[in-house]
Amino acid sequence: VTNRQKIVGNKWLIVGTRVDLQNRKLSLEYLQQEKEVIGITHGEIGNTVFDEPLFGYAELGLCSTLVDYGEKRISGSFNQSLNRVDNVCARSSRTVREVYKSSDCIRNTNGPNTRFLYIPTAYVENYQYAPYRALEDDAYRRWQSYIISGGNNLTLKSHPKSIAPVFDVNREERWLENCINDYDVLILDYYSTAATLALVTDKPVIFFDIGLRRLCPEYKDIVRARCYCKEIDFMFDVNSQVRETFSEFSKCEQVWSNKNLPQYAITTDHSDDLLTVLRKII
């Protein structure tokens with residue numbers, strides 16, 4: 001970025017996540033030269049549901065046209081773009097559309113043979129680059145040990161982009177969309193792409209809130225209406241809180257719904273082919 005910047009010959013820049021530093025540099029270079037920058041979000045759900053600074057300065061900004069998931073957009077305190085985005089285009093998540101099973105009567109089917117799938121996030125190693133994002137790896141492993149010791153008939157879903165966990169437990173190595181139907185109850189502790197896929201199924205979900213991720217209040221209410229949520233207080237005995245949660249869940253007669261989720265990931269015209277969306281813009 002310099003006042004002696006060379007004029008680029010291209011008319012357009014089509015770029016993925018602006019969390020990547022090189023993508024941010026490219027976006028700024030093209031915007032400085034008043035050229036069209038098409039920014040594409042990722043994660044299978046509209047990125048406005050996350051009320052975090054990262055989304056304000058990267059995922060939802062540094063472009064002139066934004067291609068985001070779903071038709072419903074909301075605003076938060078920390079996810080406002082740093083620059084004016086002239087145009088927002090909606091696309092559908094093909095994966096969400098394939099996995100989604102509409103239901104407003106999701107019930108706990110817990111029994112002696114219930115199969116639990118724990119779906120954690122990745123270990124971050126040294127990439128702790130924003131607030132609300134992650135625990136240090138040692139702290140996260142310690143937390144995971146409580147879930148693994150507290151649950152029966154539990155399988156740990158391996159993260160495709162992370163180092164392997166150290167626990168002696170059954171592992172699931174398949175892609176989530178290929179294995180999710182083989183389990184009865186899903187366990188989450190982090191809102192990620194995997195969480196979106198878990199929530200659009202018709203399976204009961206236990207969501208341990210350990211203080212990670214900041215969701216916009218409107219979407220957080222939808223998550224709470226979809227999951228059996230338990231806030232963990234690390235100032236007290238965590239192991240007992242986890243065991244109590246599993247015990248309480250086994251007796252729970254609550255009914256959950258996933259019918260408010262698709263509007264954040266799917267459009268009515270089902271435009272899930274990214275090339276088709278880009279051609280319409282250009």
> How about E173: does its CD atom have over 12 heavy atoms from other parts shown lying under 6.0 Å from it?
Replying inline: yes

> Given side chains that start at C-beta, do those of I40 and R91 come closer than 4.5 Å, heavy atoms only?
Replying inline: yes

>> If we count only N and O atoms by modelled type, under 3.5 Å, do the side chains of E231 and Q241 hold a donor and an acceptor together?
In response: no

>> One pair to check against side chain to side chain contact (heavy atoms under 4.5 Å, CB included): N258 and Y100. What are the steps and the verdict?
In response: CA-CA 9 Å; N258 65 10; Y100 180 53; 3.6 Å; yes

> Do Y30 and W12 make the cut of ring centroids closer than 6.0 angstrom?
Replying inline: no

> With a 4.5 Å heavy-atom cut-off, do R213 and R133 have their side chains touching?
Replying inline: yes

>> To check you understand the geometry: which heavy-atom pair defines the closest contact between S149 and R243, and what is its length?
In response: O-NH2, 3.3 Å

>> Counting only heavy atoms from other residues, nucleotides and ligands, does the tally under 6.0 Å from CG of N178 exceed 12?
In response: yes

>> Could you report the tightest heavy-atom contact between F246 and G150, atom names first, then the distance?
In response: CD1-O, 3.4 Å

> Among the clusters formed by ILVMFWY side chains lying less than 4.5 Å apart, do W143 and V124 turn up in the same one?
Replying inline: no

>> Run T41 and L66 through side chain to side chain contact (heavy atoms under 4.5 Å, CB included) and show every step you take.
In response: CA-CA 8 Å; T41 62; L66 180 70; 3.8 Å; yes

>> I'd like to know if the side chain of E172 pairs up with that of T155 as donor and acceptor (distance under 3.5 Å, no hydrogens or angles considered).
In response: no

> Which of these passes side chain to side chain contact (heavy atoms under 4.5 Å, CB included) with T245: I187, I147, I206?
Replying inline: I206

> Considering only heavy atoms from C-beta outward, does the side chain of S93 approach that of E98 to under 4.5 Å?
Replying inline: no

> What is the minimum heavy-atom distance between G16 and R18, and which atoms define it?
Replying inline: O-NH1, 2.8 Å

> Name the one of L82, V85, N79 that satisfies side chain to side chain contact (heavy atoms under 4.5 Å, CB included) with L60?
Replying inline: N79

> What's the spacing between E36 CD and T65 OG1 if we round to 0.5 Å?
Replying inline: 3.5 Å

> Do you know which of L13, V15, I282 makes side chain to side chain contact (heavy atoms under 4.5 Å, CB included) with I38?
Replying inline: I282

> Regarding D189 and Y140, is there a side-chain donor-to-acceptor distance under 3.5 Å anywhere?
Replying inline: yes

>> Please determine whether side chain to side chain contact (heavy atoms under 4.5 Å, CB included) holds for the pair L62 and V37, giving the CA-CA distance in whole Å, both sets of side-chain angles, and the decisive distance to 0.1 Å.
In response: CA-CA 8 Å; L62 291 183; V37 177; over 6 Å; no

> How about D233: does its CG atom have over 12 heavy atoms from other parts shown lying under 6.0 Å from it?
Replying inline: yes

>> For Y57 and F78, I'd like to know if the aromatic rings sit close, meaning centre-to-centre distance below 6.0 Å.
In response: no

> Taking atom NZ of K35 as the centre, does the number of heavy atoms from other residues, nucleotides or ligands within less than 6.0 Å exceed 12?
Replying inline: yes

>> Run T121 and S192 through side chain to side chain donor-acceptor pair (under 3.5 Å) and show every step you take.
In response: CA-CA 7 Å; T121 189; S192 62; 5.4 Å; no

>> Could you go through R224 and D221, starting from their C-alpha distance and side-chain angles, then the distance that decides it, and tell me whether this counts as salt bridge (charged side-chain N to carboxylate O under 4.0 Å, His left out)?
In response: CA-CA 5 Å; R224 289 183 176 278; D221 289 342; 5.4 Å; no

>> For E248, is the CD atom crowded, meaning more than 12 foreign heavy atoms sit under 6.0 Å from it?
In response: yes

>> Run S75 and Q80 through side chain to side chain donor-acceptor pair (under 3.5 Å) and show every step you take.
In response: CA-CA 7 Å; S75 59; Q80 301 304 303; 4.6 Å; no

> Are the side chain of E71 and the backbone N or O of T268 linked by a donor-acceptor pair below 3.5 Å?
Replying inline: yes

>> Are V169 and Y118 packed together at the side-chain level, in the sense that at least one heavy-atom pair is separated by less than 4.5 angstrom?
In response: no

>> Quick check: do N170 and L154 have side-chain heavy atoms less than 4.5 Å from each other?
In response: no

>> As an exercise, state the distance from CD1 of I281 to SG of C89, rounded to the nearest 0.5 Å.
In response: 4.0 Å

> Quick one: CG on D168 to CZ on R171, what's the gap to the nearest 0.5 Å?
Replying inline: 8.0 Å

> Going from CG on N239 to CZ on R142, what distance comes out if it is rounded to the nearest 0.5 angstrom?
Replying inline: 12.5 Å

>> By the definition side chain to side chain contact (heavy atoms under 4.5 Å, CB included), identify the one residue from T109, N181, V185 that meets it with K203.
In response: N181

> Is the side chain of D184 donor-acceptor paired with the backbone N or O of F116 at a distance under 3.5 Å, no angle test?
Replying inline: no

> What is the minimum heavy-atom distance between K6 and Q33, and which atoms define it?
Replying inline: O-NE2, 2.9 Å

> Counting N and O atoms only, with roles assigned by atom type, does the side chain of Q263 sit under 3.5 Å from a partner on the main chain of N260, one being a donor and the other an acceptor?
Replying inline: yes

> Is there a side chain to side chain contact (heavy atoms under 4.5 Å, CB included) between K220 and D209 once you walk through the steps?
Replying inline: CA-CA 11 Å; K220 189 172 185 178; D209 183 352; 4.3 Å; yes

> Does D137 reach the main-chain N or O of E125 with its side chain, forming a donor-acceptor pair under 3.5 Å?
Replying inline: yes

> Sub-3.5 Å donor-acceptor pair from the side chain of D104 to the main-chain atoms of K259, do we have one?
Replying inline: no

>> Under a 3.5 Å distance rule, please check whether R24 uses its side chain to pair with a backbone N or O of V19 as donor and acceptor.
In response: yes

> Under 3.5 Å, is there a donor-acceptor pair between the side chain of W256 and the main chain of C227?
Replying inline: yes

> Does the pair Y132 and D51 meet the rule for a side chain to side chain donor-acceptor pair (under 3.5 Å), with working shown?
Replying inline: CA-CA 10 Å; Y132 311 114; D51 190 16; over 6 Å; no

> How close do L199 and L261 get, heavy atom to heavy atom, and via which atoms?
Replying inline: O-CD1, 3.3 Å

>> With rounding to the nearest 0.5 angstrom, report the CG to CD distance, L28 to Q5.
In response: 9.5 Å

> In terms of hydrophobic clustering (I, L, V, M, F, W, Y; side-chain heavy atoms under 4.5 Å; direct or indirect links), are F234 and V242 co-clustered?
Replying inline: yes

> So F207 and Y191, would you call those rings parallel, tilted or perpendicular, with 30° and 60° as cut-offs?
Replying inline: parallel

> Is the backbone N or O of A122 less than 3.5 Å from a side-chain atom of S162, with the two atoms forming a donor-acceptor pair by type?
Replying inline: no

> Strictly by modelled atom types, are E136 and Y123 linked by a side-chain donor-acceptor pair under 3.5 Å?
Replying inline: no

> In terms of the angle between their ring planes, are Y219 and Y264 parallel, tilted or perpendicular, with boundaries placed at 30° and 60°?
Replying inline: perpendicular

> Is it true that a side-chain atom of S81 and a backbone atom of R84 form a donor plus acceptor pair closer than 3.5 Å?
Replying inline: no

> Can you find a pair of side-chain heavy atoms, one from P120 and one from L156, that are under 4.5 Å apart?
Replying inline: yes

>> Tell me whether the rings of F55 and F50 are parallel (<30°), tilted (30 to 60°) or perpendicular (>60°).
In response: parallel

>> Could you check whether any side-chain N or O of T114 sits under 3.5 Å from a backbone N or O of G111, counting only pairs where one atom can act as donor and the other as acceptor?
In response: yes

> Looking only at heavy atoms, what is the nearest atom pair of R226 and S257, with distance?
Replying inline: CD-O, 3.4 Å

